[in-house]
Amino acid sequence: MQNSAKPEGITPSQTVGPFFKYGLTPTGEYAWNDAFTNSTLTPDVSGDRVRIEGRVLDGDGAVVPDAMLEIWQADAQGRYADPQDKRALPNASFRGFARCGTDKDGNYSFDTIKPGTVPDPDGKPQAPHIVLAVFARGMLRHLYTRIYFSDEAGNAADPVLSLVPADRRATLIAVREAGKPVYRLDLRLQGDGETVFFDV
Amino acid sequence: MTFIYPTDSNKAHPLPLSPEYKSSIKRAPNKPLIPMRHTLSELTGPVYGHETVREGDNDLTTQHTGEPLGERIIVHGHVRDEDGRGVANTLVEIWQANACGRYVHVRDQHPAPLDPNFTGAGRTVSDASGYYRFVSIKPGAYPWGNHHNAWRPAHIHLSVFGHSFVSRLVTQMYFPGDPLFPFDPIFNSVPDEKARMRMVSSFDLENTKPEWALCYRFDIVLRGKNATPMETH
């Protein structure tokens, strides 16, 4: 096994189950310390600071109190903190990753900055967006989706939003609250208003 | 030239709705997933250095003042992609029940003892070649409410990041020869038998430590990227 040849296939996914909380999102509840929080912010990060919040709901509209969400995003100028992003943009210290468990009422929140524009494979600009992975008991594989922002004119021409039937696009667009840097987006895993999930 | 992660790899995963696993019934999407081309957002992913991991985080037997109860085990393996390349510097997080099959969790009311010397959470970063290692306690089987007399096979949960947001994986490592395999809807949610068996670790006699711990090997294979021009779906 030590020097095994090319493997036959990938390791399948399994659910995080209901008991991940002390391992992945302890937030002070257990002796184990957090590797991640629900914030991407550092004191020196540049860009517009925003909060994204909402609830996770199941097919009955019941809140999901045991979900875990992860976000990954570009910095304010649209650069990813990854060596694979080779564009000639200054390397910021912004890391772009955060993790959040839902509370007993199904609420989540992220403190972050508004990302910049990232090109699609043809070089066309995508509207500012955050990618989001949803994990929970009952989910054998995490689901992949995106968060867009309601006050971005570029949404209309975004190549990924354009793949989504018009009557479902709102499930991906976090709505800015009047006068506050807060955006709200509920995630519906199933049923009425079901969030669009992508096959990636 | 743009690297993509072929979606064919995803056939190894369970389908979102697996009715035998009851929790999936109200939580799996009803509508089909929408295919999309990968952009930089999908092709990049969090890169972890050692700063998030403390020394000793990969030894679950030394997190408290006393020794945990149960069978001490070493778990190690190779994180690689499906093209056989080792995945260096990727964060591997684990969590598990104690030797009695009890989690440190308010929702776990299984009447088995909690072990004051065992939390059951650990993490490490794969080395420059993609190898990782933990020391822990073999977890016990435990009952759950999915169906009459439902017991989960002993397992350790693992979370791995890989090279990109689309190679992210959360899985469970099982132990060889577990008699509960045929009855577990989570294990059997993986339709292909060969893929299912890739979740079963192998007993590694060579790397046991005499008088101290048994050893299991669990290789984790993430999606690989091919240097193929992107195609429009």
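Per chain, numbering begins at 1; letters A, B, ... match sequence-line order. Model, not experiment: these values are computed from the prediction.
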Can you tell me how far apart [atom1] ([X]) and [atom2] ([Y]) are? Round to the nearest 0.5 Å.
{"X": "A:Phe135", "Y": "B:Ser159", "atom1": "CZ", "atom2": "OG", "result": "6.5 Å"}
{"X": "B:Ser18", "Y": "A:Met139", "atom1": "OG", "atom2": "CE", "result": "13.5 Å"}
{"X": "A:Phe36", "Y": "B:Glu93", "atom1": "CZ", "atom2": "CD", "result": "5.0 Å"}
{"X": "A:Trp72", "Y": "B:Glu42", "atom1": "CH2", "atom2": "CD", "result": "12.0 Å"}
{"X": "A:Thr11", "Y": "B:Arg80", "atom1": "OG1", "atom2": "CZ", "result": "8.5 Å"}

Can you check whether [Y]'s main-chain N or O pairs, donor with acceptor, with [X]'s side chain at less than 3.5 Å?
{"X": "A:Gln190", "Y": "B:Ala28", "value": "yes"}
{"X": "B:His105", "Y": "A:Pro18", "value": "yes"}
{"X": "A:Glu194", "Y": "B:Lys31", "value": "yes"}
{"X": "B:His38", "Y": "A:Val200", "value": "yes"}

In terms of heavy-atom pairs under 4.5 Å with chain B, which of [options] leads?
{"options": "A:Val134, A:Asp34, A:Asp60, A:Val118", "value": "A:Asp60"}
{"options": "A:Leu24, A:Val196, A:Asp120", "value": "A:Leu24"}
{"options": "A:Arg188, A:Glu70, A:His142", "value": "A:Glu70"}
{"options": "A:Asp85, A:Asp66, A:Val56", "value": "A:Asp66"}
{"options": "A:Ala35, A:Ala62, A:Gly23, A:Pro115", "value": "A:Ala35"}

How close do [X] and [Y] get, counting heavy atoms only, and between which atoms?
{"X": "B:Gly45", "Y": "A:Asp82", "value": "N-OD2, 2.8 Å"}
{"X": "A:Pro12", "Y": "B:Arg198", "value": "CD-CB, 4.4 Å"}
{"X": "A:Thr15", "Y": "B:His157", "value": "O-ND1, 3.8 Å"}
{"X": "B:Thr39", "Y": "A:Pro121", "value": "CG2-CD, 3.8 Å"}
{"X": "A:Trp32", "Y": "B:Gln63", "value": "CZ3-NE2, 3.4 Å"}
{"X": "B:Thr119", "Y": "A:Tyr22", "value": "O-CE1, 2.9 Å"}

Residue [X] versus chain A: region with a heavy atom under 4.5 Å:
{"X": "B:Asp57", "result": "both"}
{"X": "B:Ile25", "result": "backbone"}
{"X": "B:Leu222", "result": "backbone"}
{"X": "B:Pro16", "result": "backbone"}
{"X": "B:Lys194", "result": "side chain"}
{"X": "B:Gln172", "result": "both"}
{"X": "B:Leu91", "result": "side chain"}
{"X": "B:Arg85", "result": "neither"}
{"X": "B:Glu206", "result": "neither"}

Using non-hydrogen atoms only, which part of [X] is less than 4.5 Å away from chain B: side chain, backbone, both, or neither?
{"X": "A:Ala133", "result": "both"}
{"X": "A:Ala74", "result": "neither"}
{"X": "A:Phe97", "result": "side chain"}
{"X": "A:Leu143", "result": "side chain"}
{"X": "A:Tyr30", "result": "side chain"}
{"X": "A:Arg146", "result": "side chain"}
{"X": "A:Val16", "result": "both"}
{"X": "A:Leu132", "result": "backbone"}
{"X": "A:Val160", "result": "side chain"}
{"X": "A:Glu29", "result": "neither"}
{"X": "A:Arg141", "result": "side chain"}
{"X": "A:Val64", "result": "both"}
{"X": "A:Tyr144", "result": "side chain"}

*Verify whether one side chain among A:Gln84 and B:Ser164 offers a donor that lies under 3.5 Å from an acceptor in the other.*
no
*asked:* Walk me through whether B:Leu33 and A:Phe198 qualify under side-chain contact (heavy atoms from CB on, under 4.5 Å).
replied: CA-CA 5 Å; B:Leu33 307 184; A:Phe198 292 99; 6.0 Å; no
*Step by step, would you call B:His13 with A:Leu140 a side-chain contact (heavy atoms from CB on, under 4.5 Å)?*
CA-CA 8 Å; B:His13 293 306; A:Leu140 289 156; over 6 Å; no
*asked:* For chain A, which candidate among B:Asp108, B:Ile220, B:Leu17, B:Val160 shows the most heavy-atom pairs at distances under 4.5 Å?
replied: B:Asp108
_Heavy-atom pair count under 4.5 Å with chain A, highest-scoring of B:Asp192, B:Val104, B:Val190_ = B:Val104
Heavy-atom side-chain proximity of [X] to [Y] below 4.5 angstrom:
{"X": "B:Met36", "Y": "A:Pro159", "value": "no"}
{"X": "A:Arg137", "Y": "B:Tyr21", "value": "yes"}
{"X": "B:Arg123", "Y": "A:Asn33", "value": "yes"}

*Evaluate side-chain contact (heavy atoms from CB on, under 4.5 Å) for A:Asp199 paired with B:Asn10, printing each intermediate quantity in order.*
CA-CA 9 Å; A:Asp199 179 9; B:Asn10 290 333; 3.9 Å; yes
*Quick one: do B:Ser41 and A:Tyr80 satisfy side-chain contact (heavy atoms from CB on, under 4.5 Å)? Show the steps, please.*
CA-CA 8 Å; B:Ser41 305; A:Tyr80 282 101; 2.6 Å; yes
*asked:* Looking at A:Asp105, I'd like to know if its CG atom is crowded, meaning that more than 12 non-hydrogen atoms belonging to other residues, nucleotides or ligands lie closer than 6.0 Å.
replied: yes
*Inspect the surroundings of NZ in A:Lys124 and state if more than 12 heavy atoms from other residues, nucleotides or ligands are less than 6.0 Å away.*
no
_N-O pairing of B:Lys26 and A:Asp58 below 4.0 Å_ = no
*With chain B as the partner chain, list the residues of residues 165-183 of chain A whose heavy atoms fall under 4.5 Å from it, by residue number, and write 'none' if nothing qualifies.*
A:Pro165, A:Arg168
